[in-house]
> 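Just passing along the structure, written as structure tokens.
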Amino acid sequence: MKVLHVGAEIFPLIKTGGLADVMGALPQALLARDAQVRLLLPGMPAIMQGVVRQRLVCEIGPAFGAARVRLQLGEVQGSGVPAYVIDAPYLYRRDGNPYLDADGAEWGDNQQRFALLGWVAAHLAGGEIDTDWAPDLVHAHDWHAAMCCAYLAAHPGPSVASVFTVHNLAYQGLFDANDYHLLGLPARFMAHHALEFHGQLSFMKAGLAYAQRVTTVSPTYAREMATEAFGFGLDGLIRARGTDVSGILNGVDGTVWDPQTDPRIGANYSSRTLRGKADCKARLQGQMGLAADPDAPLLAIVSRLTEQKGLDLLLEALPALVGQGAQIAVLGTGDADLEAAFVQAAERHPGRVAAHIAYDETSAHRMVAGADMILLPSRFEPCGLTQLYGLRYGTVPVVRRVGGLADTVVDASAAALADDTATGFVFGPATAGALAGAVERAIAVYRRGDVWQAVMRRGMAQDFSWDPAARDYIALYRSILGHGGD
Ligand code: ADP
Ligand code: GLC
């Protein structure tokens with residue numbers, strides 16, 4: 001079966017969050033199961049450079065305001081996954097964040113930039129752009145790629161099926177309704193049951209309304225996003241899709257995240273030989289300017305600093321956590337007020353709290369390897385990957401019971417500790433008190449060395465590889481295509 005995956009970022013070329021990790025790893029896991037996967041990516045500079053051995057497939061001509069659009073086919077450097085790239089310098093040759101300008105504002109022409117991505121996907125699927133290859137099914141990720149589902153629906157002739165995966169319902173790709181004419185779609189698509197959303201134009205709705213199936217990245221988030229509390233105004237449409245909506249849990253790319261082989265960390269280790277982890281902790285304390293104290297429970301946060309991640313709760317709980325003897329290390333970028341608050345907290349608690357305001361892959365690995373616990377107090381979390389990285393690295397997750405966090409961490413209740421199932425600490429209410437309570441429980445277990453090590457080792461033994469997700473996606477593709485798949 002031939003599947004085209006469409007998305008706007010991909011590790012290791014361009015990344016703003018977990019979407020890139022998924023785009024980097026899932027296609028490889030599908031290829032390993034003999035699906036013929038190709039990627040379609042917008043030609044941002046890092047992608048133009050990192051997709052190697054490119055050859056011209058089609059001179060598309062002018063489109064969406066760009067004088068010249070060409071489609072090229074190459075392969076992702078390192079993984080070798082075949083990837084089409086859209087070379088449209090006018091729209092894509094911009095460094096930095098794929099969605100925002102240097103001042104952090106959305107690019108004013110994002111509607112054209114991401115409409116083009118969806119349009120090319122649909123026409124590739126229609127067989128008009130590459131005469132040698134066309135997918136049986138298109139799999140679009142997040143609002144950036146969602147328009148392909150509408151273009152496929154509008155396309156005359158036999159329609160190619162699509163799957164739309166929601167990685168985050170909070171980012172919807174909303175634009176001025178007056179820009180609708182730029183899309184080249186029939187007027188009927190700008191309706192309430194289609195792309196119109198409270199008087200605006202919603203790219204996310206193109207995926208939710210027109211894809212044959214909608215998935216998200218954990219079973220719990222699949223249920224949550226159909227509720228008013230988590231639906232960002234789209235829960236009605238999601239509920240209306242009924243059983244077309246499902247959740248498939250993300251995995252971990254073991255070639256990138258493995259404490260036994262990770263070249264970014266100071267010392268490698270495994271669940272059998274944990275000594276290297278103590279080295280990683282000592283180095284992290286040194287690098288972050290924390291007191292060199294092997295016995296202090298060290299809590300890490302590696303995160304986008306946004307409302308979603310619930311880090312205001314951590315700020316509120318921070319004096320209590322420091323009072324319990326914890327060290328806290330934060331790596332993140334995002335909202336200016338959260339960045340400033342963590343810098344201030346570090347100044348207020350020298351040697352106990354440290355903030356590294358940066359987006360830096362190497363530091364992320366060092367944090368995950370060196371800390372004792374990784375904290376995710378998210379308000380909502382479609383899947384969350386850092387708790388999975390924490391589990392793999394023996395860095396015990398302390399998380400809120402939402403989305404993928406609820407699906408991947410087993411709370412160390414007395415019963416779970418007794419029957420050897422606990423892998424972390426889970427709390428319910430989105431309050432500083434509940435967060436502090438969970439950290440307090442974690443610190444109490446941390447102080448009981450061998451019980452703590454058992455929790456660490458159990459986490460490290462969990463299998464969160466990508467293969468089960470690949471198997472589930474292939475089963476989904478087969479159910480849509482209505483054949484056994486080959
Ligand atoms: P989200 O996609 O919502 O940001 P995930 O947990 O799925 O959340 O994925 C976050 C990804 O981004 C992980 O790979 C994590 O290591 C990485 N990450 C987050 N913040 C930083 C940072 N400041 N520096 C480097 N990597 C980061
Ligand atoms: C999103 C979500 C995160 C998820 C990631 C990859 O950015 O916020 O929870 O892990 O996508 O699917």
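We count ligands from 1, going down the list as the structure has it; atoms in each ligand are counted the same way.
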> Drop me the distance from S413's OG to D411's CG, to the nearest 0.5 angstrom.
5.5 Å
> Taking a cutoff of less than 4.0 Å between a non-hydrogen atom of the residue and any ligand atom, is F11 in contact with ligand 1?
no
> If you have a sec, work out which protein heavy atom is nearest atom 12 (O) of ligand 2 and how many Å separate them, to one decimal?
H167 ND1, 2.7 Å
> If we ignore hydrogens and angles and just use 3.5 Å, is the side chain of R392 paired with the main-chain N or O of W257 as donor and acceptor?
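A pair under 3.5 Å: yes.
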> For S363, does its backbone N or O pair with a side-chain atom of D360 as donor and acceptor, under 3.5 Å?
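Checked: pair present.
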> Enumerate the atoms of ligand 2 whose separation from the nearest heavy atom of N250 is less than 4.0 angstrom.
6 (C), 10 (O), 12 (O)
> Please tell me whether W143 and Y171 form a close aromatic pair, meaning their ring centres lie under 6.0 Å apart.
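Here the rings of Y171 and W143 have centres that are no less than 6.0 Å from each other.
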> Is it the case that Q387 and T408 place a side-chain donor and acceptor less than 3.5 Å from each other?
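Note: Q387 and T408 side chains meet the donor-acceptor criterion.
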> Distance to 0.1 Å, residue and atom name: give those for the protein heavy atom nearest to atom 3 (C) of ligand 2.
E381 OE2, 3.3 Å
> Report yes if R304 has an N/O atom closer than 3.5 Å to an N/O atom of ligand 1; otherwise report no.
yes
> Nearest 0.5 Å please: distance from the CG atom of N250 over to the CH2 atom of W466.
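If we round to the nearest 0.5 Å, N250:CG and W466:CH2 are 4.0 Å apart.
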> Establish, from distance only, whether the side-chain atoms of D407 and T220 form a donor-acceptor pair under 3.5 Å.
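Result is yes, a qualifying pair exists.
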> Ring centres under 6.0 Å, that's the criterion: do Y99 and H144 meet it?
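Yes, ring centres under 6.0 Å apart.
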> At a 4.0 Å threshold, what atoms of ligand 1 neighbour a non-hydrogen atom of L385?
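Reading through ligand 1 atom by atom, the close ones are 5 (P), 6 (O), 7 (O).
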> Purely on distance, is any nitrogen or oxygen of G18 under 3.5 Å from one on ligand 1?
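Yes; at least one N/O pair falls below 3.5 Å.
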> Kindly say whether the aromatic ring centers of Y473 and H139 come within a distance under 6.0 Å.
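Here the rings of H139 and Y473 have centres that are less than 6.0 Å from each other.
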> Does ligand 1 come near enough to T16 that some N or O of the ligand is less than 3.5 Å from an N or O of the residue?
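In this structure, T16 places no N or O atom under 3.5 Å from an N or O of ligand 1.
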> With a cut-off of 4.0 Å, which atoms of ligand 2 are near a heavy atom of V217?
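Atoms satisfying the 4.0 Å criterion: 12 (O).
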> Examine F203 together with F175 and report whether their ring centres are nearer than 6.0 Å.
yes
> State if A358 counts as touching ligand 1 under the rule of any non-hydrogen atom under 4.0 Å.
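Right, A358 reaches ligand 1.
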> For ligand 1 and W257, I'd like to know whether there is a polar contact (N/O to N/O, distance under 3.5 Å).
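By distance alone, the answer is no.
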> Using a plain distance cutoff, I'd like to know if V22 has any nitrogen or oxygen under 3.5 Å from a nitrogen or oxygen of ligand 2.
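Between V22 and ligand 2, no N or O pair is found under 3.5 Å apart.
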> Closest non-hydrogen protein atom to atom 10 (O) of ligand 2, residue and atom name please, with distance?
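Among all protein heavy atoms, the one nearest atom 10 (O) of ligand 2 is G384 N, 2.8 Å.
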> With atom 1 (P) of ligand 1 as the reference point, say which of H167, K309, K15 has the nearest heavy atom.
K309
> Check whether any heavy atom of G384 sits under 4.0 Å from an atom of ligand 1.
yes
